[in-house]
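Working notes, structure below.
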Amino acid sequence: MRFSKMLIPTTKEVPNDATLPSHIYLVRGGFIQNVGGSGLYNFLPAGKRVLDKVRAIAKEELDAAGCQEVDLAFVTPAALWEESGRYEKYGKELLRFKDRKANDFVLGPTHEEMMVNLVRHTVKSYKQLPLNLYQIKTKFRDEIRPRFGLMRGREFLMKDGYSFHKDAEDMQREFDLMEQTYSRIFERLGLDFRIVEADSGAIGGSRSKEFMVLADSGEDTIVVCDSCSYGANIEAARRAPKLAPVYAKDEAPEMTRTDFHTPGVTTIDALAEFFHIDPHHLIKAVAKKALYDEGVEKIVLFFIRGNDALEETKACNAVEANELIDVSEEELRAAGLTPGYMGFNALPEGVIFRMDQELRSEGNLIMGANRDAYHTIGVQMPDVSEHYADLIAVQPGDVCPHCAGTLSHTKGIEVGHIFQLGTRYSEPLGATFLDENGKAKPYEMGTYGIGISRLLAAIIEQHHDERGCIWTPASAPFAVEIIISNVKKEAEKEAGEALYAQLQEAGVEVLLDDRPERFGPKMSDFELIGIPLAVVIGKKLADGQAEIIVRDGLERTDVAIDTLLDEVTKRL
RNA sequence: CGGAGUGUGGCGCAGUCUGGUAGCGCACCUGCUUUGGGAGCAGGGGGUCGAAGGUUCGAGUCCUUUCACUCCGACCA
């Protein structure tokens, strides 16, 4: 390809709203173009080439693992979503609209329903299983706040796969196979990633793992162990139960249950100060409003240790709500609660609560008494299983649940997510097959996603410098760029054209910068666009030499013109 | 949804307070010069000033309404 003919609108200007390197360089390098804000992007020729590279690698590995590519309708009937119960649950991210006959449709944000629908009409027997179908297709999610370029757009390209099995063991086998397959895809792309345990979110199902590309700019917080391979999204991270501070003999707190007058003591810090006690022995009440289907709202209280923090995703799951939102003091009072003095005894009607599982069977605790200016001391935790759940956010320094290692936080970009779904969709959608005994059973399912367009951003987040993109060999739009320093010099032009022809002949993807520009802008564009290798044909041609530049590190080597082809080929 | 902003040529902005011929930089087009780190000179094209309504002899500027986008937060594939 000739640069002079290719639409690569590079700019010096940093886009106004861009803060992340990937966003800045993908726009400046002429890969993508924003469409009137709002999380929509056009892919320009260079961006499209990269996208196709990534897509092709995913396809190769998936096909090799026995998956089959399909292409489902993007516009999907709302009726299917009502069948699965997600029409409401998915919330505002689901873009809904009506056609001319006033029938309801949604733009697919993910395609479980569509795929189950396809399979339930075509697969009838266990002999046709297992089956793993996938597509690489545009998705639309009406994100609350799209940002960071391709990282969180509203329209994006995603690989979504769905597998169907006759039993849970076979689904587990496929889940493991997909974990390996995804790992190979990300390895081939040259990414440094980590597989972590995750929350299943709106997709549902029992178990799930996320593939996180490690980058400071990642939106997800992940918890990792410093001595074993344990890693988890903060939303699903576990820890060894927190131990009480070590006390000298007879100094551990002991108290008899009683209500204590504590005027003005409404925070954990104040309470710890007031009783001269470690917050470990205090119970913190966190109030939220839980939203359910059909506009139902409930006040919920979460009780955790004074030195812990609430993990909202866990809390949301614990009360099976669609969403948790903040609740005002007025609303709490209206519900009969006393902010600053809330506890789980003598709760008003209609308020639901959960307690952190680590508190179970603990005693000698201090908690709000549910009346103004009083705390109860000497609280013993009730032994009622359904009130307990994992609610806390793992903190750096907590102990690993698998070994004695220390946990810490790091940031990651979620580029893949695999789920064991079980019968979450097949059952409500009535998708069954006949087993060996001729009995109808719902499929055991798995679902597997890769953010294809997000991967471009993830690659650049991990591979860039202060001058621009550094594409990994597998993802680069071209393998080599030839820069003719001055196209008006016949000798330079001829040498450049000759190498261009030779490389094309050899099947190398090559970009020839034959623009009538000066050297500066050409060099800057090379660095910005980030093709792995450049050959500069310029001044040194007089000595029979050209220069090879490796983009990653910008190391330059002079080589003789007659060995150029070999020198380039061996660096590919 | 809460808070804060911004809408003027393709992009980035000034002009708005104090109403009076729409401007600057970049980009673009033509010509000449230049050619190893985002060139110089000369000439040129392009704007319903987010939209609607109002005040006024006159509105980018003042008033009302509205829409969109961005940032922080909340939330989230």
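Within every chain, numbering begins at 1; the chains are lettered A, B, ... in the order of the sequence lines, protein sequences first and strands thereafter.
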Suppose we call a contact any N or O donor and acceptor under 3.5 Å apart; does that hold for the side chain of A:Asn486 and the base of B:G36?
no
Distance criterion of 3.5 Å, no angle test: do you see the side chain of A:Arg518 paired donor-to-acceptor with the base of B:U34?
yes
Side-chain donor/acceptor contact of A:Arg28 with base of B:G38 under 3.5 Å:
yes
So A:Gly416, base contact, sugar-phosphate only, or nothing? Heavy-atom distance under 4.0 Å.
base
Which part of the nucleic acid, if any, lies within contact of A:Glu492, taking any heavy atom under 4.0 Å across all strands shown: a base, the sugar-phosphate backbone alone, or nothing?
nothing
Could you check whether A:Val415 gets within reach of a base, just the sugar-phosphate, or nothing at all, counting any heavy atom under 4.0 Å?
base
A:Glu461 versus A:Ser22, side-chain donor and acceptor atoms under 3.5 Å:
yes
Options B:C76, B:G38, B:G36, nucleotide nearest the side-chain atoms of A:Lys489:
B:G36
Per atom distances to the A:Lys540 side chain, the nearest of B:C76, B:G36, B:C75 is B:G36
Atom-pair distance (CE on A:Met523; P on B:A39), nearest Å:
15 Å
Which nucleotide in the set B:C75, B:G38, B:C76 lies at the smallest distance from any side-chain heavy atom of A:Leu528?
B:G38
Considering only heavy side-chain atoms of A:Glu312, the closest of B:G36, B:C76, B:C75 is B:C75
Could you tell me how far apart A:Leu291 (CG) and B:C76 (C1') are, to the nearest whole angstrom?
14 Å
Could you walk me through whether A:Thr76 and A:His111 satisfy the side-chain hydrogen bond (donor to acceptor under 3.5 Å, both in side chains) test, starting with their C-alpha distance in whole Å, then the side-chain angles of each, then the deciding distance to 0.1 Å, before giving a yes or no?
CA-CA 9 Å; A:Thr76 73; A:His111 280 192; 5.9 Å; no
What's the NZ-P distance between A:Lys289 and B:C75, to the nearest Å?
14 Å
Residue mapping more 5' on RNA chain B - nearest nucleotide basis, A:Pro516 or A:Gly451:
A:Pro516
When only distance counts, do a donor and an acceptor, one from the side chain of A:Arg147 and one from the base of B:C71, lie under 3.5 Å apart?
no
Looking at every strand, decide which applies to A:Val536 at a 4.0 Å heavy-atom threshold: base, sugar-phosphate, or nothing.
base
Roughly how many Å is it from NZ in A:Lys488 to P in B:U34, rounded to a whole number?
8 Å
Polar side chain donor-acceptor pair, A:Asp160 to A:Gln135, under 3.5 angstrom
yes
Tell me what A:Arg515 touches on the nucleic acid: a base, only sugar-phosphate, or nothing, going by heavy atoms under 4.0 Å.
nothing
Would you say the base of B:G38 and the side-chain of A:Glu517 have a donor-acceptor pair closer than 3.5 Å?
no
Could you check whether any side-chain heavy atom of A:Ile32 comes within less than 4.5 Å of a side-chain heavy atom of A:Leu44, counting everything from C-beta outward?
no
Among B:A39, B:C11, B:G36, which nucleotide sits nearest the side chain of A:Glu13?
B:C11
Over how many whole Å does the gap from A:Ile325 atom CD1 to B:G73 atom C1' extend?
15 Å
Heavy atoms only, 4.0 Å cut-off, all strands: where does A:Asp525 land among base, sugar-phosphate and nothing?
base
Answer yes if the side chains of A:Glu174 and A:Ser163 hold a donor-acceptor pair under 3.5 Å, and no otherwise.
no
Taking any heavy-atom pair under 4.0 Å as a contact, classify A:Glu210: base, sugar-phosphate, or nothing.
nothing
What is the separation between atom CG on A:Asp558 and atom C1' on B:G36, rounded to the nearest whole Å?
12 Å
Stepwise side-chain contact (heavy atoms from CB on, under 4.5 Å) test for A:Glu179 and A:Thr181:
CA-CA 6 Å; A:Glu179 179 172 340; A:Thr181 304; over 6 Å; no
